Number of protein chains: 2
Amino acid sequence: MPPRLRRTQAERRATTVAALLDAAVSSLVELGYAATTTKEVTRRAGVSQGGLFRHFATRHELMVAAADEVRRRQFESFAAALERLGDATAEDCLVLLRQACRAPMNAAWYELVVAARTDRDLHDALAPMATRYMKEIVELGRGLPAAAGVPDDQLESVLLGIVHLLDGESMMSVLDPHPELEDQRLQQLARGLKGLPLWDSAH
Amino acid sequence: MPPRLRRTQAERRATTVAALLDAAVSSLVELGYAATTTKEVTRRAGVSQGGLFRHFATRHELMVAAADEVRRRQFESFAAALERLGDATAEDCLVLLRQACRAPMNAAWYELVVAARTDRDLHDALAPMATRYMKEIVELGRGLPAAAGVPDDQLESVLLGIVHLLDGESMMSVLDPHPELEDQRLQQLARGLKGLPLWDSAH
DNA sequence: AGACATAGCGAGCAGGCGCTCTCTTTTGTT
DNA sequence: AACAAAAGAGAGCGCCTGCTCGCTATGTCT
């Protein structure tokens, strides 16, 4: 039925693996870590159980590959959005970073991080990814005009602090969202980034 | 074998329920949400399966009760630590808050929050608890001397922002800890709370 | 004391899990 | 064209899950 063109083994393999990773990531986003079963992933990917285990020896291996895929996509799309904006103000950067933290895809990352806390194998596989992730973010941030005002020896702490804040905000907003407070907080962060006090003391 | 003293039904019920909640919470902390099975909880509590389902109609009900227990204990222990300290400086308060976020018990809260994202029933049950939790923290913080310098209309945003930051930090430190950065960040937060810029611009 | 309600027990059930194994189909090699 | 290797399929296995149900033990009420 589909135009039966001949594909190399490498191509067949690549498309199947890609479909499986896509499926795993979307399932992590929509159903969470525990409900991302091999059966669910194969169903989404249109691949059989046997097909999955040909490319990933265990569910664990699939989850690790999915984690790396999430990390890669998240960083790429954030970097691209930053590029697209050109020379951005501190506020612009913060808005972008907040969008990235709240992106559905990032929820998959939280799922994996939380699962890794009580799963030693997953922990050991994800730890280097997390380190790399943070490092890439810091390096990206270091090149930004908005970071020019931050002393070099404080930049890493401040930058990752902002990421942590937006991560925590994103997680809790699922249960208890406060849009107004969150906007106010973004303004405070922008002031902080510029080396000003968080609020205007002449109230 | 144990001193067979006569207990009322209410007492029997209360001790069993307490044992089950203890077991559920410790299992959430040590094994995570997915691995906190009814069997695991009954094993830890020394109660039979039938005994559990006499008091909790479903696993879901047990998890909801455990969540409220976690919220209660976390807030109580934090309030007690604050009380114990007397009139605390901003640094003192931040250290205490950071300890609370990193406490093993708080990991159970993260487990439940993340699980609630993809479990509508759990979400609906936990949402009011999360709202209450945040509100209690803000009210507690409002009474602190360390918060005196923060304008009233900015306090909620700042305070919850700090909590989010410490939550995010706590979650990621499982995979990628940076003790030095985290201490530096605490100093920056303390400066921010006092209405100062986050860093000393006379570098 | 006797009747009733509540607490607690644990074997067992239907269903879902990760994974295996055998099989067929497709691609690569000579 | 003949054979080998890799990709994909899907029924099935052993195990674990949340939960039920019939039962005994204990406390409550008249």
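Throughout, a chain's letter reflects where its sequence line sits, starting with A, and its residues are numbered from 1. None of the values given here were measured: they were computed from a predicted structure.
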request  = Determine: side-chain N/O of A:R12 to OP1/OP2 of D:dA7, distance under 4.0 Å, yes or no.
outcome  = no

task = Indicate whether the side chain of A:R7 and that of A:T15 have a donor and an acceptor atom separated by less than 3.5 Å.
result = yes

query = Is there a residue in residues 54-69 of chain A whose heavy atoms reach under 4.0 Å of DNA chain C, and which residues are they?
reply = A:T58, A:R59

Short side-chain N/O contact from B:S48 to OP1 or OP2 of C:dG10, under 4.0 Å = no

request  = Nearest whole angstrom, please: distance from the P of D:dG18 to the CD of B:E40.
outcome  = 10 Å

ask   = For B:T37 and D:dC16, is the shortest distance between a side-chain N/O and OP1 or OP2 below 4.0 Å?
value = no

request  = Go through the side-chain N and O atoms of A:T89 and A:D92 and say whether any donor and acceptor fall under 3.5 Å apart.
outcome  = yes

key: Distance in angstrom units between B:L20 CG and C:dA7 P, rounded   = 13 Å

inquiry  = Given the ring of B:F78, does B:R71 sit roughly above its face, with NZ or CZ under 6.0 Å from the centre of the six-membered ring and within 45° of the axis?
reply    = no

query = Taking CD from B:E11 and C1' from D:dT26, how many angstroms apart are they, rounded to a whole number?
reply = 13 Å

remark   = Against the side chain of B:K39, the closest entry in D:dT17, D:dA7, C:dG8 is D:dT17

message = So if I take the C1' atoms of five pairs at each end of the helix from C:dA1-D:dT30 to C:dT30-D:dA1 and get each local axis, what angle do the two axes make, rounded to 10 degrees?
response = 10°

inquiry  = Main chain of B:D176, side chain of B:S173: is a donor-acceptor contact present, judged purely on distance under 3.5 Å?
reply    = no

Side-chain N,O (B:T8) to OP1/OP2 (D:dG27) below 4.0 Å = no

request  = Give the rounded distance in Å between these two atoms: CD of B:Q49 and C1' of C:dA7.
outcome  = 16 Å

query = So does A:R6 get a side-chain nitrogen or oxygen closer than 4.0 Å to the phosphate oxygens (OP1/OP2) of C:dG28?
reply = yes

query = Is atom CD of B:E180 surrounded by more than 12 heavy atoms (other residues, nucleotides or ligands) closer than 6.0 Å?
reply = yes

request  = Could you check A:V47 against B:A34 and say which one's nearest nucleotide on DNA chain D is further toward the 5' end?
outcome  = A:V47

ask   = If you round to the nearest 0.5 Å, how far is CD of A:E69 from CG of A:L62?
value = 11.0 Å

query = Hey, is B:R102 close enough to B:E169 for a salt bridge, meaning N to O under 4.0 Å?
reply = yes

request  = Applying salt bridge (Lys or Arg N to Asp or Glu O under 4.0 Å), run through B:E91 and B:K194 and close with a yes or a no.
outcome  = CA-CA 10 Å; B:E91 280 89 345; B:K194 291 171 187 159; 3.0 Å; yes

Charged N-O contact under 4.0 Å between A:R73 and A:E76 = no

query = With nearest nucleotides of DNA chain C determined for A:T38 and B:G51 from heavy-atom distances, which residue corresponds to the more 5′ nucleotide?
reply = B:G51

key: Rounded distance (Å) that lies between atom P of C:dT6 and atom CG of B:L52   = 19 Å

message = Output the rounded distance in Å from CZ (B:F53) to C1' (D:dT20).
response = 9 Å

ask   = Take atom CD in A:E83; do more than 12 heavy atoms of anything else shown fall under 6.0 Å from it?
value = no

ask   = Which one, D:dA6, C:dA5, C:dG10, comes nearest to the side chain of A:Q9?
value = D:dA6

